[in-house]
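Letters go in sequence order (proteins before strands), and every chain restarts at 1.
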Amino acid sequence: MKRVGREFFIRDVLEVAPGLLGKYLVRVGDDGNADRYLITETEAYRGEEDLACHARKGKTPRTKVMYEKGGVLYVYLVYGIHWMLNIVTGPEEQPQAALIRCLKNAEGPGILTKMLEIGKDFNGEDLAVSRRMWIENGVNPVPYRAATRVGIDYAGETWKNKPWRYIMTDH
DNA sequence: GTAACGATCCTC
DNA sequence: AGGATCGTTACA
């Protein structure tokens, strides 16, 4: 029951994304109750050179939060319907983020943000200091397998085949 | 100004 | 297998 601090998120996304597995995402609702959810699946998006990453076209009003220091949330809308929850990683000016794809008892990245009532207003939220959301240590390290990322066919052979999707194997 | 495009999910 | 649905981006 201890909040994960800044130093955890400042590292490379390829260490942070798998490192999030087995940790807990804590959400404090408007009623003050804290709910804890086990993180079971993540994906890594790494820098402007990664053609699957939103920052591939440089800094824009939408992606500028990815350039902040690790620990900040990047929340955006896909397909005009679903909000995606990402945690920015790495040092400042290095656009990386870990997508939270699945929590235990949730069924997908769009569903979990609806369940946790996460929307645009969480964009830019800092997990190192926020009072309504943070990460807590759980059972680490945890067994997992790597797979290719989802929904990024446009990224080209090199990048769409990267095994940057991390899935907990025993839950 | 206008048009095209999704890091998804649900219903045929 | 395909449609929903709208903010962001690119281009004129």
Side-chain angles (χ1 to χ4, degrees), chain A residues 8-25 27 37-127 133 135 142 144-169 171:
Chain A
F8 175 80
F9 302 105
I10 293 290
R11 299 175 302 149
D12 193 283
V13 68
L14 296 184
E15 295 177 36
V16 177
L20 283 169
L21 299 175
K23 286 188 169 21
Y24 290 93
L25 177 68
R27 167 74 163 111
Y37 301 89
L38 188 67
I39 298 173
T40 58
E41 187 175 334
T42 62
E43 273 181 17
Y45 290 88
R46 190 169 185 271
E48 295 180 352
E49 57 182 18
D50 179 1
L51 296 181
C53 180
H54 284 168
R56 65 188 178 281
K57 288 172 182 166
K59 196 185 282 190
T60 68
R62 179 208 207 180
T63 61
K64 68 171 193 286
V65 64
M66 282 185 101
Y67 289 77
E68 299 205 11
K69 57 184 175 294
V72 174
L73 291 184
Y74 169 43
V75 180
Y76 72 93
L77 189 67
V78 265
Y79 303 116
I81 301 177
H82 299 292
W83 292 102
M84 296 287 113
L85 175 62
N86 302 252
I87 302 175
V88 175
T89 68
E92 254 179 272
E93 293 307 312
Q94 203 165 316
Q96 306 183 341
L99 169 67
I100 307 297
R101 270 197 75 77
C102 205
L103 303 173
K104 191 172 185 176
N105 301 328
E107 288 178 351
I111 300 296
L112 75 88
T113 50
K114 186 173 181 182
M115 204 167 85
L116 302 190
E117 297 180 307
I118 294 169
K120 192 189 180 82
D121 56 315
F122 272 86
N123 196 39
E125 189 94 356
D126 191 344
L127 294 183
M133 183 169 296
I135 301 293
V142 109
Y144 68 88
R145 67 187 174 87
T148 53
R149 294 177 288 180
V150 176
I152 53 158
D153 286 346
Y154 61 84
E157 294 302 317
T158 306
W159 296 101
K160 85 178 190 191
N161 292 326
K162 294 279 186 195
W164 288 353
R165 177 184 177 198
Y166 308 100
I167 307 162
M168 239 177 99
T169 48
H171 70 88

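- Distance OH (A:Y76) to P (B:dC5): 17 Å, rounded to an integer number of Å.
- Between A:I81 atom CD1 and C:dA4 atom C1' there is a gap of 5 Å when expressed in whole angstrom units.
- Between A:K59 atom NZ and C:dT9 atom P there is a gap of 13 Å when expressed in whole angstrom units.
- With 3.5 Å as the limit, one finds no donor-acceptor pair spanning the side chains of A:E125 and A:Y74.
- Nucleic acid contact for A:I152: sugar-phosphate only, since backbone atoms but no base atoms lie under 4.0 Å from a heavy atom of the residue.
- Between the base of B:dA7 and the side chain of A:H54 there is a donor-acceptor pair shorter than 3.5 Å.
- Per the geometry, CZ belonging to A:R149 stands 15 Å off C1' belonging to B:dG6, to the nearest Å.
- The A:L77 side chain lies nearest to C:dC6 when the options are B:dA7, B:dT8, C:dC6.
- Using a 4.5 Å heavy-atom threshold, the side chains of A:E68 and A:D126 count as separate.
- The partner of B:dC5 is C:dG7, by the rule that a Watson-Crick or G-U pair needs both atom distances under 3.5 Å.
- Contact of the A:Y166 side chain with the A:L14 side chain is registered, since non-hydrogen atoms from C-beta on lie closer than 4.5 Å.
- Of the candidates C:dT9, B:dT8, B:dC9, B:dT8 carries the atom nearest the A:V78 side chain, counting heavy atoms from C-beta on.
- When atom types are taken as modelled, the side chain of A:T63 and the backbone of A:M66 share no donor-acceptor pair closer than 3.5 angstrom.
- Taking atom CE of A:M66 as the reference point, atom C1' of B:dA7 lies 10 Å away to the nearest angstrom.
- The CZ atom of A:R165 sits 10 Å away from the P atom of B:dT8 (whole-angstrom rounding).
- For A:R101 and B:dT8, the shortest distance from a side-chain N or O to OP1 or OP2 is below 4.0 Å.
- Counting any heavy atom pair closer than 4.0 Å across all strands shown, A:R62 reaches sugar-phosphate atoms only and no base atom.
- Here B:dT8 is the nucleotide among C:dA10, B:dA7, B:dT8 with the atom lying nearest to any side-chain atom of A:P109.
- Residue-nucleotide stacking is present for A:Y45 and B:dA7, judged by a side-chain ring centre under 5.5 Å from the six-membered base ring centre and planes under 30° apart.
- The backbone N or O of A:W159 sits less than 3.5 Å from a side-chain atom of A:R149, completing a donor-acceptor pair.
- Salt-bridge annotation for A:K162 and A:D50: absent, with no side-chain N of the basic residue lying under 4.0 Å from a carboxylate O of the acidic one.
- Rounded to an integer number of Å, the gap from CD of A:E107 to P of B:dC9 is 9 Å.
- The side chain of A:I111 sits closest to B:dC10 out of C:dT5, B:dA7, B:dC10.
- The side chain of A:L99 lies closest to B:dA7 when the candidates are B:dA7, C:dT9, C:dA4.
- When distances are taken from the side chain of A:T63 to each of C:dT9, C:dA4, B:dA7, the shortest belongs to C:dT9.
- No engagement by A:M115 is indicated, since no non-hydrogen atom pair under 4.0 Å with the nucleic acid exists.
- When each of A:Y79 and A:K120 is assigned the nucleotide of DNA chain C with its nearest heavy atom, A:Y79 is the one assigned upstream, toward the 5' end.
- To the nearest angstrom, P of B:dA7 lies 9 Å from OH of A:Y74.
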